[in-house]
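Contents: one structure, followed by commentary.
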Amino acid sequence: MDNQDLLERIQSLVEEEHRLRDSSNSEDDTDNRARLAQLEAQLDQCWDLLRQRRAKKNAGENPDDAEPRPVNEVEGYRQ
């Protein structure tokens, strides 16, 4: 997956997140919350991988050596 693929994946996830937030109703609230949590975790992973790729490229390394980190790792980062 290259940077463009990652950006497209991020855009797709963001669009789905917006659709869920816009269409949320009380009946599907539990399912929506669970899916939103999944989307947020996937977005965090994608953004982390994109940052890794960019950092490797800037350091003269191969960006393809970057690998997705586990959700529990990227979710634990401090902002």
Side-chain angles (χ1 to χ4, degrees):
M1 184 176 280
D2 65 15
N3 289 3
Q4 187 60 40
D5 292 334
L6 271 171
L7 289 168
E8 289 171 7
R9 176 72 177 141
I10 288 168
Q11 182 63 36
S12 173
L13 292 169
V14 166
E15 287 172 2
E16 183 179 354
E17 179 184 33
H18 288 168
R19 276 193 306 275
L20 278 175
R21 289 187 191 281
D22 291 342
S23 69
S24 70
N25 64 44
S26 58
E27 292 176 16
D28 298 330
D29 218 27
T30 303
D31 292 338
N32 281 351
R33 279 196 301 264
R35 181 61 184 145
L36 282 170
Q38 289 175 339
L39 288 170
E40 290 168 359
Q42 289 174 355
L43 279 165
D44 288 346
Q45 280 184 303
C46 287
W47 280 117
D48 177 68
L49 182 56
L50 185 61
R51 284 197 258 336
Q52 283 185 64
R53 290 182 55 79
R54 288 176 173 169
K56 285 188 175 292
K57 182 178 180 186
N58 289 339
E61 298 177 22
N62 184 352
D64 292 334
D65 290 342
E67 296 196 12
R69 293 182 176 127
V71 170
N72 62 347
E73 186 174 336
V74 296
E75 290 293 296
Y77 291 157
R78 298 183 108 192
Q79 300 283 333

Those residues that, when tested against [X], pass side chain to side chain contact (heavy atoms under 4.5 Å, CB included) (two or more places apart):
{"X": "Ala41", "answer": "Val71, Glu75"}
{"X": "Glu17", "answer": "Arg21, Leu36, Leu39, Glu40, Leu43"}
{"X": "Gln11", "answer": "Glu15"}
{"X": "Asn58", "answer": "none"}

In Å and rounded to the nearest 0.5 Å, what is the CE to CG distance from Met1 to Leu7?
->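 Here the rounded value is 10.5 Å.
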If you round to the nearest 0.5 Å, how far is CZ of Arg54 from CG of Leu49?
->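 Rounded to the nearest 0.5 Å, the CG-CZ separation comes to 11.0 Å.
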[X]: which residues meet the side chain to side chain donor-acceptor pair (under 3.5 Å) condition with it, sequence neighbours left out?
{"X": "Gln45", "result": "none"}
{"X": "Arg69", "result": "Asp48, Tyr77"}
{"X": "Gln38", "result": "Arg35"}

Those residues that, when tested against [X], pass salt bridge (charged side-chain N to carboxylate O under 4.0 Å, His left out) (two or more places apart):
{"X": "Glu8", "answer": "none"}
{"X": "Asp5", "answer": "none"}
{"X": "Lys56", "answer": "Glu61"}
{"X": "Arg53", "answer": "Asp64"}

Is there a donor-acceptor pair closer than 3.5 Å between any side-chain N or O of Gln52 and the backbone N or O of Glu67?
->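 Judged by distance alone, yes, a pair lies under 3.5 Å.
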